[in-house]
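Here the structure is laid out as structure tokens; the discussion comes afterwards.
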Amino acid sequence: MNYKLMNLKVFGDERGKLVSLEGNLSVPFDIKRVYYIFDTVPDQERGKHAHKELEQIIVAMDGACQFVLDDGKSREEVWLNRPDVALYIGKNMWREMRHFSYGCKLMVLASKHYDEKEYIRDYNKFLESLQNK
Ligand code: TYD
């Protein structure tokens with residue numbers, strides 16, 4: 001499984017808390033893109049794709065959702081529900097997101113600019129792509 005949950009270093013004092021993410025340091029790639037998801041609703045699923053080369057770090061800044069992670073051999077479920085834990089997803093991983101809390105805010109750091117050609121949106125094509133690895 002090419003994913004891991006990362007406990008982030010928190011700088012906290014009586015004023016509140018702060019987490020810093022730096023490309024090629026705490027984030028294991030050069031950050032090329034940041035996007036975020038908000039205004040989510042519980043009965044809607046997202047994702048359902050894999051990336052050929054893209055790596056991502058995902059943090060639930062607020063609220064919660066469940067990731068289903070699939071490497072073509074097995075599936076695992078991971079909850080993201082706190083801003084001091086990041087989910088790293090490497091290449092060739094099918095992901096689905098579901099069970100969003102209302103107004104969950106997901107921040108995503110990505111290793112590449114957006115490129116629809118880099119997506120695999122069909123699960124059978126994802127499995128076929130793994131045969132050639
Ligand atoms: P989509 O891939 O459906 O989101 P999710 O992975 O959460 O299911 O993306 C929604 C729309 O946003 C789709 O039209 C593509 C567009 N988009 C961009 O233009 N740039 C981006 O960086 C991303 C992630 C999506």
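Numbering of ligands and ligand atoms starts at 1, following listing order. Keep in mind it's a predicted model, so treat the numbers as computed, not measured.
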- Message: Closer than 4.0 angstrom, basic N to acidic O: yes or no for Lys32 and Glu55?
- Response: no

- Among all protein heavy atoms, pick the one closest to atom 14 (O) of ligand 1 and tell me residue, atom and distance. Tyr114 OH, 4.9 Å

- Query: Looking only at side chains, do Asp71 and Tyr3 share a donor and an acceptor under 3.5 Å apart?
  - Reply: no

- Close approach, His49 and ligand 1, non-hydrogen under 4.0 angstrom: yes

- Task: Specify whether the nearest protein heavy atom to atom 9 (O) of ligand 1 is under 4.0 angstrom away.
- Result: no

- Message: What I want to know is whether Arg46 and ligand 1 share at least one N or O pair that is separated by under 3.5 angstrom.
- Response: yes

- Validation row, ring centre Phe38 to ring centre Phe100 under 6.0 Å: no

- Task: Decide whether an N or O pair under 3.5 Å exists between Gly47 and ligand 1.
- Result: yes

- ligand 1-proximal atoms of Ile37, by part, heavy-atom distance under 4.0 Å: side chain

- atom 12 (O) of ligand 1: protein heavy atom closer than 4.0 Å? no

- 4.0 Å heavy-atom contact, Arg121 with ligand 1: yes

- Message: For the residue pair Arg95 and Tyr119, would you count it as a cation-pi contact if the rule is NZ or CZ under 6.0 angstrom from the ring centre and within 45 degrees of the ring axis?
- Response: no

- Item | pair Arg75-Glu77: side-chain heavy atoms closer than 4.5 Å | no

- Message: Once rounded to the nearest 0.5 Å, what's the spacing between atom CD of Glu96 and atom NZ of Lys48?
- Response: 5.5 Å

- Per-residue contact class, Arg33 against ligand 1 - non-hydrogen pairs under 4.0 Å: side chain

- Residues Glu118, Lys91: salt bridge by 4.0 Å N-O rule: no

